[in-house]
S.K.: 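There's a structure below that I have some questions on.
This is a predicted model, so every value here is computed, not measured.
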There are 2 protein chains.
Amino acid sequence: MTNKVIKGNTRDRIIESAKKLFAEQGYQKTTVIDISKQAGLSEAALYEYFQGKEDLLLTIPDLWVSELIEDLKEQLFGIKGAFNKLRKYLWWYLRRIEEAPLDAKIVYLFLKTNANFMETEVYSNVKILYSSLIDIFEEGRASGEMKPDLNPYFARTIFIGTMEHIVTRWLVKDMSYSLFDNLEDTFDLMVDAFKKGNST
Amino acid sequence: MTNKVIKGNTRDRIIESAKKLFAEQGYQKTTVIDISKQAGLSEAALYEYFQGKEDLLLTIPDLWVSELIEDLKEQLFGIKGAFNKLRKYLWWYLRRIEEAPLDAKIVYLFLKTNANFMETEVYSNVKILYSSLIDIFEEGRASGEMKPDLNPYFARTIFIGTMEHIVTRWLVKDMSYSLFDNLEDTFDLMVDAFKKGNST
DNA sequence: GCGTTACCCTAATAACATTAGAAAAATATC
DNA sequence: GATATTTTTCTAATGTTATTAGGGTAACGC
C-alpha cells in the first residue's frame with residue numbers, strides 16, 4: 001500500500017518535472033537526465049515508469065484532456081440556446097488553457113506535430129471534445145437561431161480554426177498578454193456567419 | 001565560376017534531400033547521416049554548407065516563402081473587390097500548399113513549433129504574407145462591401161485561423177484528400193461574417 | 001530467517017551530432 | 001606544364017544523449 005502511494009508519487013513527480021521542462025525548453029532540448037534530476041531520480045529509474053522520452057511526451061497530457069471532457073458536460077449543462085452554448089464553450093476552453101499553460105503548450109506545440117499523435121489517447125479525446133460542437137450547431141439550426149442550411153461541419157472548421165489560432169498565437173508569444181483580449185469582439189464577428197438571416 | 005555552380009548544386013542537393021526526409025520521417029527521426037547519404041556526401045561535408053541539423057531545418061523553406069510573397073502581388077493584381085481578393089487569396093494559397101507539400105509540412109509541423117522560429121526569415125516573411133489581408137479588409141470596409149465597423153485584425157484572425165486549420169488537418173491526415181473539398185461552402189459561410197448588413 | 005517484490009542505482013552500450021585534421025580535387029599563378 | 005593555393009570532401013575522432021544490463025537495498029509476507 002505504501003508501495004503504491006510512493007510509486008504514484010514518483011510517477012507524478014516525473015510527469016510534473018517533464019511537463020515543466022518540456023514547456024520551458026522544448027521537447028528536443030530537454031534531456032532525460034534533466035527530467036530525472038528534477039524528479040530526484042537516476043535516469044534508469046525513470047525507465048521503470050515510462051518506456052522512454054517519447055512515451056513521456058505522449059502520456060503527459062492524458063489526465064488533463066480526460067478531465068476536460070468531464071468538465072465540459074458540466075459546464076454546458078443547463079445553458080439554453082446554441083449561441084450561448086458556443087460562447088460558453090469558447091470562454092470555458094480558453095480559461096482551461098489559461099489555467100494549464102504547460103499542458104496546453106505540450107499539446108499544441110509538441111504533441112500535435114508528433115507522428116504518433118493520431119494513435120494517442122489525447123487525440124481521440126480531443127475528437128470527442130470537438131464533436132460536441134456539431135451538436136451545438138445542429139441545435140442552432142433546428143431551433144432557428146442559426147441558418148437553416150448551416151452545415152455543422154463547416155461551421156466547426158471556422159470555430160475551431162479561429163479558436164486554435166488564438167491559442168497557438170498566445171502560446172508562441174509566450175503568454176505575454178491576456179487570452180481574453182478582444183475575445184468578445186472576435187466572437188461576435190465570427191458568429192455572425194452562423195446567424196439566421198445572414199445570406200449565404 | 002564552375003566552383004559556384006557546383007557548390008550551389010551541392011547545397012541544393014542537401015536541401016532537397018533534407019526536405020524529403022524531414023517531410024517523410026519527421027525532423028527528429030531523420031539523421032544527418034540519412035541526409036548526407038541521400039545527397040551523396042559524407043556527414044562532415046554537409047557541415048561546410050550548414051551549421052547543423054537545426055540550421056538546415058530553419059533554412060529549407062526560405063526560398064519557397066520568399067517566392068510566395070512575390071507571387072502574391074502578381075496574383076492579386078487587377079482583381080476588383082475585397083471579397084474577390086479574399087477568395088483569390090485563399091484559393092491561391094491552398095494551391096501553393098498543394099504544389100509544395102514538403103515545404104508546407106516542414107513549415108506547419110516542424111518549424112512553427114521550433115523555439116527559434118520567431119527569429120527566422122520565414123517568420124518575418126509569413127508576417128508580410130498575412131499583413132496584406134489587413135489591406136483587403138480595410139478596402140472592403142472602405143468600399144462598403146463589408147461592415148462599416150469591421151475590425152480588420154479580428155477578421156484576419158478568423159480568416160487565417162480557418163485557413164491554417166484546413167491546411168494543418170490536411171497535412172496531418174497525410175494529404176489523403178483534396179485540399180479543395182468543401183472549400184467553396186466553407187468560404188461562403190465564413191465571409192458572411194464580414195458582409196455588410198449582417199448585424200454585429 | 002528467507003524468499004519475493006518493488007524500487008532504485010552504477011556502469012555499460014549504442015546512436016547520433018558535431019569537430020579535427022588530412023587527402024584529393026579544382027583552380028590560379030608562374 | 002609544373003607548382004602553389006584554395007575549395008571540397010573524406011576518414012576518424014569526440015562528446016552528448018537515449019536506452020539497457022545487471023545488480024543492490026529495503027519493505028513485506030510467511
S.K.: In whole Å, what is the span from the OH atom of B:Tyr47 to the C1' atom of D:dT14?
M.R.: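 So the OH-C1' distance, B:Tyr47 to D:dT14, works out to 13 Å.
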S.K.: Are any of the side-chain nitrogens in A:Glu145 or A:Lys196 under 4.0 Å away from the carboxylate oxygens of its partner?
M.R.: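 No, no charged N to carboxylate O under 4.0 Å.
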S.K.: In Å and rounded to the nearest 0.5 Å, what is the CD1 to CZ distance from A:Ile15 to A:Phe22?
M.R.: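 Answer rounded to 0.5 Å: 11.0 Å.
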S.K.: Figure out the CD/P separation between B:Gln28 and C:dA15, and round it to whole Å.
M.R.: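 Those two atoms, CD and P, are 18 Å apart.
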S.K.: Quickly work out the B:Ile33 CD1 to D:dA13 C1' distance and round it to whole Å.
M.R.: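 My rounded result for the distance is 14 Å.
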S.K.: Tell me which residues in residues 34-44 of chain A put a heavy atom below 4.0 Å from DNA chain D, sorted by number, or none.
M.R.: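 Under 4.0 Å from DNA chain D: A:Glu43, A:Ala44.
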S.K.: For the side chain of B:Val32, starting at C-beta, report the closest nucleotide among C:dA17, C:dC8, D:dT19.
M.R.: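 Of the options given, the side chain of B:Val32 lies nearest C:dA17.
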S.K.: Let me confirm one number: the CH2-CZ distance from B:Trp91 to B:Phe187, rounded to the nearest 0.5 Å.
M.R.: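 The distance works out to 6.0 Å.
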S.K.: Whole Å only: how far is the OH atom of A:Tyr49 from the P atom of C:dA6?
M.R.: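 Whole-Å distance recorded here is 11 Å.
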S.K.: Using heavy atoms and a sub-4.0 Å distance, could you list which residues of residues 14-25 of chain B are near DNA chain D? By number, please.
M.R.: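 Within residues 14-25 of chain B, no residue comes under 4.0 Å of DNA chain D.
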S.K.: Between C:dA15 atom C1' and B:Lys29 atom NZ, what is the distance in whole Å?
M.R.: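 That distance rounds to 15 Å.
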S.K.: Hey, which of B:Leu63, B:Asp71, B:Val65 is the one that makes side chain to side chain contact (heavy atoms under 4.5 Å, CB included) with B:Glu67?
M.R.: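 Passing option: B:Leu63.
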S.K.: How many whole angstroms separate atom CG of B:Asn9 from atom C1' of D:dT9?
M.R.: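 Rounded to whole Å, this separation is 16 Å.
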S.K.: Taking C-beta and beyond as the side chain, do B:Glu164 and B:Lys112 meet within less than 4.5 Å on heavy atoms?
M.R.: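 Yes; the side chains approach each other to less than 4.5 Å.
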S.K.: Please report, rounded to the nearest Å, how far the P atom of C:dC8 is from the CZ atom of A:Arg11.
M.R.: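 Result: 13 Å.
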S.K.: Is the phosphate of C:dC7, meaning OP1 or OP2, less than 4.0 Å from a side-chain N or O of A:Thr10?
M.R.: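 Result: no.
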S.K.: Do the side-chain N and O atoms of A:Glu98 and A:Tyr93 include a donor-acceptor pair separated by under 3.5 angstrom?
M.R.: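 Result is no, nothing qualifies.
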S.K.: Can you measure from CD (B:Glu138) to CZ (B:Arg156) and round to the nearest 0.5 angstrom?
M.R.: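 B:Glu138 atom CD to B:Arg156 atom CZ measures 10.5 Å (nearest 0.5 Å).
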S.K.: Between B:Glu48 (CD) and C:dT18 (P), how many Å, whole number?
M.R.: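 Distance, rounded to whole Å: 14 Å.
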S.K.: Please confirm whether the backbone N or O of B:Asn116 pairs with a side-chain atom of B:Asn114, one donor and one acceptor, at under 3.5 Å?
M.R.: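 Yes: the side chain of B:Asn114 pairs with the backbone of B:Asn116.
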S.K.: Would you check if A:Tyr130 and A:Met163 make a side-chain contact, meaning some heavy-atom pair closer than 4.5 Å?
M.R.: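 In contact.
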